[in-house]
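Single-structure report; data block below.
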Amino acid sequence: MPRIETIKASEAPAPPKKMSKATQEILDAINRLQKEEVLRLQPDPGKSIRGLKTSVGRIASSNDLKIESWTDPAGDYLYARKAQ
């Protein structure tokens, strides 16, 4: 049996941070997608498409969402939709 005790809030470590604003925006955008809609995302300057694709995939999977993602031939944009 674990040892259980009540302590003051000031004695406990800080709770983990909530989702970042960017993560929340991407999650909200995925959740709002309709059947025939696709997100088009462009990475921030200096960031890669690959990193963006990884981030979007992690956000989706950690929230039990299945998505399909791909890039355009020029590699400027990432496209994502809910898996059919």
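Not measured: the values here are computed from a predicted model.
Between the CZ atom of R32 and the NZ atom of K82 there is a distance of 10.5 Å, given to the nearest 0.5 Å. One distance of note links CD1 of I49 with OG1 of T71; it measures 6.5 Å at 0.5 Å rounding. We find the OG-CE distance between S62 and M19 to be 6.5 Å, quoted to the nearest 0.5 Å. Atom-to-atom distance recorded for K8:NZ and T6:OG1 is 12.5 Å, nearest 0.5 angstrom. In this structure, the separation between CD1 on I59 and CD1 on I26 is 4.0 Å, given to the nearest 0.5 Å.
In the hydrophobic clustering, M1 connects to no other residue, as no ILVMFWY side-chain heavy atoms lie under 4.5 Å from its own.
Y79 and L33 are not part of a single hydrophobic cluster, where members link through side-chain heavy atoms under 4.5 Å apart. Put simply, L41 and I67 are part of the same group of oily side chains (I, L, V, M, F, W, Y) that touch within less than 4.5 Å, one to the next. The hydrophobic clustering, which links ILVMFWY residues whose side-chain heavy atoms are closer than 4.5 Å, places W70 and L39 apart.
Evaluation of the side chain to side chain donor-acceptor pair (under 3.5 Å) rule for S20 yields T23 as partners, not counting sequence neighbours. A search for side chain to side chain donor-acceptor pair (under 3.5 Å) contacts involving Q24 returns D28, not counting sequence neighbours.
Closest approach of I30 and A60 over heavy atoms only: CD1-CB, 4.4 Å. Contact record, K53 with L78: CA-CD2, 3.6 Å, taken as the closest heavy-atom pair. Here the closest non-hydrogen pair linking S48 and P43 is O-CB, 3.9 Å. Closest non-hydrogen pair, R81 versus E68, comes out as NE-OE1, 2.6 Å.
Heavy-atom neighbours of E36 CD from other residues, nucleotides or ligands within 6.0 Å: at or below the threshold of 12.
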